[in-house]
Asks: 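So that we are looking at the same thing, I have put the structure below in structure tokens.
Positions are given from 1, in the same order as the sequence printed here. Ligands are counted one by one from 1 in listed order, and the atoms in each one are counted from 1 as well.
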Amino acid sequence: MFKTTALCIIFMFLSLPALPQEDLLMNIDSRNSVSLNGSWSYIIDPYETGFYDYRYKERRENDPEAYWNRPVTENRWDRVEHDYGENFTLQVPGDWNSQAEVFKYYEGTVWYQREFDFTKPGEKERVFLHFGAVNYDAHVYLNGKKIGSHKGGFTPFNFEIPKSLLKEQGNFLVVKVDNKRHPQEIPTVNTDWWNFGGITRDVNLVKVPETFIQQYALHLDEEQDFNLAKKRKQFNLSGSIKLNSLSPASEVKLEIPELKINQRIKTSGDSIDFSFNTRNLELWSPENPKLYDVIFSFNGEQIRDKIGFRKIATSGKDILLNGEKIFLRGISIHEEIPQQMRRAHSKEDARQLFGYVQDLNANMVRLAHYPHNSNMTKMADSLGILVWSEIPVYWTIDFESEEVLEKAKTQLREMIIRDRNRASVIIWSVGNETPVSPVRTEFMKSLITEARVLDSSRLISAALEVGNNDGVFMIDDPLGEFTDIVSVNEYLGWYGGLPGDAKTAKWEVAYDKPLFFSETGAGAKAGFSGDKETRWSEEYQEWYYKEQVEMMKRMPDNYSGLSPWILTDFRSPRRNHPVYQEGWNRKGLIDNEGNRKKAFYVLKDYYTELKSKK
Ligand code: GCB
């Protein structure tokens, strides 16, 4: 590679392995879009009557009994057995479970329907329908025609709407959503969280030019000598742009006004790599979460983003942020607002959750166990909170199946493409507590390889398990050889033993890599008081945290951080104790009404001390 000079751009007309998913549109917030959020009508359809006929054959497209078709009656005697009524509505975005009692435990098909008007797109325009996420299996129909389907409950997807299908008025949009669990899906049938169903994130119609920017990436050039660049305050930025199709030669304008960058990037083909030099760039960090306005202009469309630039790497046993050792004062989070027993989705929700995180003096979150909504990662960018983002390859996935592996890769790609420009995201996690076996390791290895191809600028990890051999904990899961940091979940004093056992625990790691405790925790029912040995009391959990903190302080020098389990109590159908749980996993440091438990303050004190030592 030849060196770049200021304002000199390198073009490599290679197809970009970095931006593989052909059709995923990035940064919807900044595009010309119309929101379809709001009130949708629904039909609950546990037998999938709207999809299969009485012989259990998929209905034909124009079958009047198919629920994607508008029911029509011309005569009094016409038989119609379904319709969308005004009295049956669900809010989008939102899970269905929290919106009506009938949905609380529901797992199956719900049909969502709404109408919309839309100004006909011009000849040189295209229209896409974009979903932030639908859990789990979505089939989308417009005006009686199927426009696509998608599996995976936590990642975005979109379909182009053929122009011939769009009407100026009264477009009849139907989405069949099915959240039934299946052994061949990701996650599989067994998890420790609530299977919230529905159109859980934003829905938008997006208008783009005929040829448009589908995806882009912009980051510090990985090949430059980082320390030298830092010293000189002259960094190369590099990136890539993916257009939706081959474009006749023209150019993309890239501006970063604050850095006085105004690049004209020649396009030829559908993907372009570029690189240029900057002066006086401030690096992004938790102490200084500096974001720059970045504007891409192409073919009449302007896409604006706020991007931070930072380097994350490991060196031997350390995690380095911008070349300096960093300790991750983390906390794990589920995407839930416990007070309302629902999925979080909005900016306000993100503000609430990050409010708790900041109160803890944490500098990192583990977004467990699936990609959270983009308000979370955007807010993390602006607050300077580091992020671990994970796909739901959880527990007992079918590791033998090629098909399942492909599904995992799709979710991985969708997660990475959406958030690849978020400085806060430093770790992609390919899974949680997967049982050790050669076939599992191959499966996970291939996810790791895929993640590295998609994004070589971040760390890859997976939460591993560790056994207790008479007080000696040996972390030697073979997967540890392939991840950048070795992460483990441990519950010494909750699942086995008592919290005091941590006093004599010994920790050994088979790999010369940073060690991260991706989970540790104990349950407590807020307000329940007992002596410290009384299970479920706040005192027990407090004791647990005190012992853990002392144990952490004695960890070998590869100890690089922790993200205890978990910020708040969360819903789980596995948690059935009638007094202490009632359908809640009680390991939260904060209860389902927002009250901090005693243990919250133990962790907060530890983090305050660590922060002040920096
Ligand atoms: C774990 C899992 C997490 C559970 C937690 C628990 O190890 O990774 O998903 O919720 O333990 O509470 O048992």
Asks: Of all the atoms in ligand 1, which lie at a distance below 4.0 Å from a heavy atom belonging to Arg575?
Replies: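 Listed by number with element: 6 (C), 12 (O), 13 (O).
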
Asks: Evaluating non-hydrogen atoms only, which member of Val488, Thr191, Asp192, Asn489 is closest to atom 4 (C) of ligand 1?
Replies: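 Among Val488, Thr191, Asp192, Asn489, the closest heavy atom to atom 4 (C) of ligand 1 belongs to Asp192.
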
Asks: Has Arg574 got any heavy atom lying under 4.0 angstrom from an atom of ligand 1?
Replies: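 Outside the 4.0 Å threshold, so no.
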
Asks: Show the atoms of ligand 1 that are less than 4.0 angstrom away from any heavy atom in His369.
Replies: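 The list of qualifying atoms is 3 (C), 8 (O), 9 (O).
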
Asks: Using a 4.0 Å heavy-atom cut-off, which part of Glu465 comes near ligand 1: side chain, backbone, both, or neither?
Replies: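 Near ligand 1, Glu465 shows nothing, with every heavy atom at 4.0 Å or more.
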
Asks: Suppose I only count heavy atoms of Asn432 and a 4.0 Å limit; which atoms of ligand 1 are within that range?
Replies: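 Selected atoms, number and element: 2 (C), 8 (O).
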
Asks: Between Tyr495 and ligand 1, is there a nitrogen or oxygen pair with a distance under 3.5 Å?
Replies: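 Between Tyr495 and ligand 1 (N or O atoms, distance only) the closest approach is under 3.5 Å.
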
Asks: Which of these, Ser518, Ser461, Ser429, sits in a side chain to side chain donor-acceptor pair (under 3.5 Å) with Glu390?
Replies: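 Among Ser518, Ser461, Ser429, the one that satisfies the side chain to side chain donor-acceptor pair (under 3.5 Å) with Glu390 is Ser429.
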
Asks: Check for me whether the distance between the ring centres of Tyr559 and Phe327 falls short of 6.0 Å.
Replies: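 Yes, the ring of Tyr559 comes within the 6.0 Å limit of the ring of Phe327, centre to centre.
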
Asks: Measuring from atom CZ of Arg440 to atom OG1 of Thr434, what distance do you get when rounded to the nearest 0.5 angstrom?
Replies: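 Nearest 0.5 Å value for the CZ-OG1 distance: 4.0 Å.
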
Asks: With a cut-off of 3.5 Å and sequence neighbours excluded, list every side-chain donor-acceptor pair involving residues 502-509.
Replies:
{"from": "Lys503", "atom 1": "NZ", "to": "Glu547", "atom 2": "OE1", "distance (Å)": "3.0"}
{"from": "Lys503", "atom 1": "NZ", "to": "Glu547", "atom 2": "OE2", "distance (Å)": "2.6"}
{"from": "Thr504", "atom 1": "OG1", "to": "Asp501", "atom 2": "O", "distance (Å)": "3.4"}

Asks: Which of these, Trp193, Tyr491, Phe570, Tyr394, has its nearest heavy atom closest to atom 9 (O) of ligand 1?
Replies: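 When every heavy atom of Trp193, Tyr491, Phe570, Tyr394 is considered, Tyr394 comes closest to atom 9 (O) of ligand 1.
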
Asks: Sequence neighbours left out, what passes ring-ring contact (aromatic ring centres under 6.0 Å, His included) with His369? Give chain and number order.
Replies: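 His369: ring-ring contact (aromatic ring centres under 6.0 Å, His included) contacts with Trp193, His334, Tyr394, Trp565.
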
Asks: Please state which part of Ile566 comes within less than 4.0 Å of ligand 1, counting heavy atoms only: side chain, backbone, both or neither.
Replies: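 Near ligand 1, Ile566 shows nothing, with every heavy atom at 4.0 Å or more.
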
Asks: Within ligand 1, which atoms have a heavy atom of Glu519 less than 4.0 Å away?
Replies: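 Close to Glu519: 1 (C), 2 (C), 3 (C), 5 (C), 7 (O), 8 (O), 11 (O).
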
Asks: Looking only at the aromatic ring of each residue, does the gap between the centers of Tyr42 and Trp96 stay below 6.0 angstrom?
Replies: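 Between Tyr42 and Trp96, which both carry aromatic rings, the centre distance is not below 6.0 Å.
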
Asks: Out of all atoms in ligand 1, which are within 4.0 Å of some heavy atom of Asn585? Include the element for each.
Replies: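 So the atoms of ligand 1 that pass are 6 (C), 10 (O), 12 (O).
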
Asks: Heavy atom of Trp494 under 4.0 Å from ligand 1?
Replies: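 Trp494 does not count as a contact of ligand 1 under the 4.0 Å cut-off.
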
Asks: Between CZ of Arg343 and CG of Asn135, what distance do you get to the nearest 0.5 Å?
Replies: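 One gets 7.0 Å once the value is rounded to the nearest 0.5 Å.
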
Asks: Parallel, tilted or perpendicular for Phe528 and Tyr580, by the 30°/60° rule?
Replies: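 Tilted.
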
Asks: Give me the residue, atom name and distance of the protein heavy atom closest to atom 7 (O) of ligand 1.
Replies: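 Among all protein heavy atoms, the one nearest atom 7 (O) of ligand 1 is Glu433 OE2, 2.3 Å.
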
Asks: For atom CG of Asn469, decide whether the heavy atoms of other residues, nucleotides or ligands shown that lie under 6.0 angstrom number more than 12.
Replies: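 Not buried by this count: 12 neighbours or fewer within 6.0 Å.
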
Asks: Going by the order shown, which atoms of ligand 1 are within less than 4.0 Å of some heavy atom of Lys587?
Replies: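 Once the distances to Lys587 are compared, the set is 6 (C), 12 (O), 13 (O).
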
